[in-house]
Structure formats: structure tokens, C-alpha cells
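On a predicted model such as this, the values are computed, not experimentally measured, just so you know.
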Amino acid sequence: MKVSLVQMNTQGDKAANLATAASLIEAAVAADKPDLVVLPEYYAFLGDTPAQAQEAAETFPDGESYQLMKGLAKKLKVAIHAGSVAEREGNSFYNTTVVFGPDGEELARYRKIHLFDVEITGGTVYRESDTVSRGEDVVTYALGGKTVGCAICYDIRFPELFRKLRDKGADIIVLPAAFTLMTGKDHWEILARARAIETQTWFLAVGQTGPHAGGKKWCWGHSMVIDPWGHITAQASDGVGFTTGRLEFGYTEKVRANVPVANHHVLA
């Protein structure tokens, strides 16, 4: 299976962001002919305030990003793991991934379970729970005869979610993110490689990059394909663009046979 990871620098103009996402998807498909394209967290809109985030939220399936990605998947005949967008349902808002198959039909929907409420050294405060409700479901979907697990950004710090995804049969785990620069430079690669090693899956970590909100917030980028042994097999350069990697599932079988951790769990 070939996968393309699209790295973006999303800003506060939703129409421009969606046009950029579409252009990058089309470029990746034309250049590398992947089976799966992955976008980062909040690819459609990254604003400055909670009110802006809620204003940019959409309902499914009539929202702009939903319809755009559905149409692109069908047109290009490629599966699209559409990062995440702000979803509105009634009076609640969610940070939601939607996945589309190469026929344009919805394969999966995942609402982020772990919300990012922290104060970064230097005074920057992130309170995702001010605008977003917590999801509850552990989500996988089938693609090309393999099982793909869903996670988003801050989820990466909670290995119990990834254990559950592995227990549900995940061969691949996809993590769209907008990982901050301050934490990303020290933790992004280490955490992503650890989750790949623990679960013995191909791990796709796809990030936002560069400044947002007029330079008030920065994201780390460094989107990566990581193999089940924990090696990085493809990585995006700094800046907007994409990288493509090949997932070899014969290697997965070898890793799991040599170190059969899934058979050795003691604690639930």
C-alpha cells in the first residue's frame, strides 16, 4: 500500500485552506499514485479564538469540507483520511475525522477522545475543551484488506487508546495533528515511534507546520511514516507539501512473529 501525507499551514481563511488541501491532494495523486492520502488536524480552518473555531464548524454530510473530500476521493479514485475538522451537531462541537473510500463513500468517522487543555511554558494557553466536546468511540475501518485505526493529535500521549486499536486488529494507525512547536521538537518523534513499536503497526503521523494565528501559535510539522519496528521510512521537509511512503505488510508479519507482544499482555 502507498500512502501520501499532506503537510499544511492552515490559517483563518477556510476557502483558501480547502483550495490548498485539494491542490496538494491532487499533486500527491498525480506524482505518486497513492492508495491513501492523509490530511492534518484542522486542515480546513485554524483561527485565533474559540468563537472563530465554532463559527467555522460544519454539519455532516452537507459541510464544505465533507463535500469537497467526498468529491475528490471519487474523482481521483483514492481513499482520503481527511485529517480533522470542527463538526457541529446540535449544540455540541467535535474535533472529527471523516474517511472516504475511493468511491467517495464514507468509511469512518472518529471524534477526538483526548482534549488538549494545557498551559505551555511562556504563558500560551490551549483549552480545546472550551470549544470541543469529547468523543467516546474507538474507531477502525477497512481499506485494501487491512484495518486502519483512528486517532488525533493529543491522543498520542495516551497509549491505552492505541492498545485498544491494536486489539481491534489495526495494521495501520493514522494520527492527524497540529502538534505545537514547543512540545513537538522534544516529543513528536519519540511518541510516534513509541506508539508504532508498542502496537507493531505502520504509524502515519501527519502534522500542521509553521506559524498560525498571526504568529501567536506555531506547529512542528515533520509528518512521518513509521514502520512496525519504529523506523521512520518517509518524512516531510519543513514547510507545506507532501511525502509518500510504501507500507510493506510482510514486514509487519515478521516483526509480530519475532516479538509477539500481542500474545504476552498480562494487564488489561
Does Lys168 reach the main-chain N or O of Gly149 with its side chain, forming a donor-acceptor pair under 3.5 Å?
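No; judged by distance alone, with no hydrogens or angles, the pair does not exist.
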
Lys/Arg-Asp/Glu bridge criterion (N-O < 4.0 Å) met for [X], [Y]:
X	Y	answer
Arg127	Asp117	yes
Lys164	Glu160	no
Lys254	Glu248	no
Glu41	Lys112	yes

Return yes if a side-chain donor-acceptor contact under 3.5 Å exists between [X] and [Y], otherwise no.
X	Y	value
Thr180	Thr183	yes
Asn95	Ser84	yes
Gln11	Asn17	no

Is the NZ or CZ atom of Arg111 both under 6.0 Å from the centre of the six-membered ring of Tyr94 and within 45° of that ring's axis?
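Yes; both conditions hold, so Arg111 lies above the ring face of Tyr94.
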
Within a 6.0 Å radius of atom CG on Asn91, are there more than 12 heavy atoms belonging to other residues, nucleotides or ligands?
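Atom CG in Asn91 is not packed in, count stays at 12 or less.
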
Show your reasoning for whether ring pair (Phe, Tyr, Trp, His ring centres under 6.0 Å) applies to Tyr66 and Phe100.
CA-CA 9 Å; Tyr66 189 105; Phe100 299 94; 4.9 Å; yes

Is the gap between the ring centers of Phe158 and His114 under 6.0 Å?
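That pair passes the under 6.0 Å test.
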
Just to verify, which of Phe116, Trp220, Trp188, Trp218 counts as forming a ring-ring contact (aromatic ring centres under 6.0 Å, His included) with Phe179?
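Testing Phe179 for a ring-ring contact (aromatic ring centres under 6.0 Å, His included) against Phe116, Trp220, Trp188, Trp218 leaves exactly one candidate, Trp188.
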
Could you list all the side-chain hydrogen bond (donor to acceptor under 3.5 Å, both in side chains) pairs where at least one residue sits in residues 228-245, not counting sequence neighbours?
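Listed once each, the pairs are Ser4-Thr244, Asp32-Thr244.
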
Quick one: are Thr97 and His81 in side-chain contact, heavy atoms under 4.5 Å?
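They are in contact (side-chain heavy atoms under 4.5 Å apart), so the answer is yes.
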
